[in-house]
Colleague: 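Provided herewith is a single structure, encoded as C-alpha cells, for subsequent inquiry.
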Amino acid sequence: MEWDPRLYKWEQIANVVAERIGDGTYPPLTLISEVKLQEEFDVARVTVRKAMEALRERELITTKPGKGSIVAPQ
C-alpha cells in the first residue's frame, strides 16, 4: 500500500477496512483479525488497534474482549 503522508496510517487502514465493509468484502458478522491487518499493512499492533477504535466509533464494527472484532450487522 502506498501511504498518504497527509493522513495517519491508522486513518488510512480504517478507511480501507470501511471500504471493504461497504463493498461487501467483509460482510456482516465477519471476524476481522488485528494480526492479519498488522501483517497486511506491515504496521505496529497499536496502529491497527487505533484503526479498529475509529471503526467502532463509526459503528462499523463491534468488539468483545476475548472474542475479537466483527462487522456490525447493517
Side-chain angles (χ1 to χ4, degrees):
M1 176 170 171
E2 189 81 22
W3 297 110
D4 182 341
R6 297 169 294 174
L7 298 172
Y8 292 111
K9 287 182 180 180
W10 65 263
E11 288 179 289
Q12 295 174 72
I13 294 168
N15 290 339
V16 168
V17 174
E19 217 172 88
R20 292 176 183 174
I21 291 170
D23 71 15
T25 302
Y26 295 159
L29 305 180
T30 299
L31 182 65
I32 299 177
S33 168
E34 288 184 4
V35 173
K36 287 183 181 176
L37 291 176
Q38 177 185 2
E39 292 170 358
E40 177 183 349
F41 294 104
D42 192 28
V43 294
R45 187 78 175 264
V46 68
T47 304
V48 172
R49 288 194 172 155
K50 183 76 173 155
M52 300 299 265
E53 181 183 328
L55 292 166
R56 274 193 300 279
E57 288 174 3
R58 291 161 65 177
E59 298 182 354
L60 293 174
I61 65 169
T62 58
T63 304
K64 293 186 181 177
K67 297 281 187 184
S69 297
I70 60 167
V71 177
Q74 302 304 329

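None of the values given here were measured: they were computed from a predicted structure. Numbers here are sequence positions counted from 1.
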Colleague: Flag the pair Met52 / Leu55 as yes when at least one side-chain heavy-atom distance between them is below 4.5 Å, and no otherwise.
Modeller: yes
Colleague: Calculate, to the nearest 0.5 Å, the distance between atoms CD and CD belonging to Glu34 and Glu39 respectively.
Modeller: 12.0 Å
Colleague: Please check if the side chain of Gln38 supplies one atom and the backbone of Val48 the other of a donor-acceptor pair under 3.5 Å.
Modeller: no
Colleague: Around Glu11, counting heavy atoms of other residues, nucleotides and ligands shown, do more than 12 lie under 6.0 Å from its CD?
Modeller: yes
Colleague: Give the table of side-chain donor-acceptor pairs shorter than 3.5 Å for residues 60-70, with sequence neighbours excluded, one pair per line with atom names and distance.
Modeller:
unit_1, atom_1, unit_2, atom_2, d
Thr63, OG1, Arg56, NH1, 2.9
Thr63, OG1, Ser69, OG, 2.7

Colleague: So Phe41 and Thr47, side-chain contact (heavy atoms from CB on, under 4.5 Å) or not? Walk me through it.
Modeller: CA-CA 10 Å; Phe41 294 104; Thr47 304; over 6 Å; no
Colleague: Val17, Met1: one ILVMFWY side-chain cluster at the under-4.5 Å cut-off?
Modeller: yes
Colleague: Tell me, yes or no, whether the heavy-atom count around Asp42 atom CG, taken from other residues, nucleotides or ligands under 6.0 Å, exceeds 12.
Modeller: no
Colleague: Of the non-hydrogen atoms in Ala54 and Trp10, which two are nearest, and what is the gap between them?
Modeller: CB-CZ3, 3.7 Å
Colleague: Can you check side-chain contact (heavy atoms from CB on, under 4.5 Å) on Ile32 and Arg20, steps first, answer last?
Modeller: CA-CA 11 Å; Ile32 299 177; Arg20 292 176 183 174; over 6 Å; no
Colleague: Is the closest side-chain heavy-atom distance between Ile13 and Tyr8 below 4.5 Å?
Modeller: no
Colleague: Apply the hydrophobic cluster definition, ILVMFWY joined by side-chain contacts under 4.5 Å directly or through others, and give me every member besides Val46.
Modeller: none
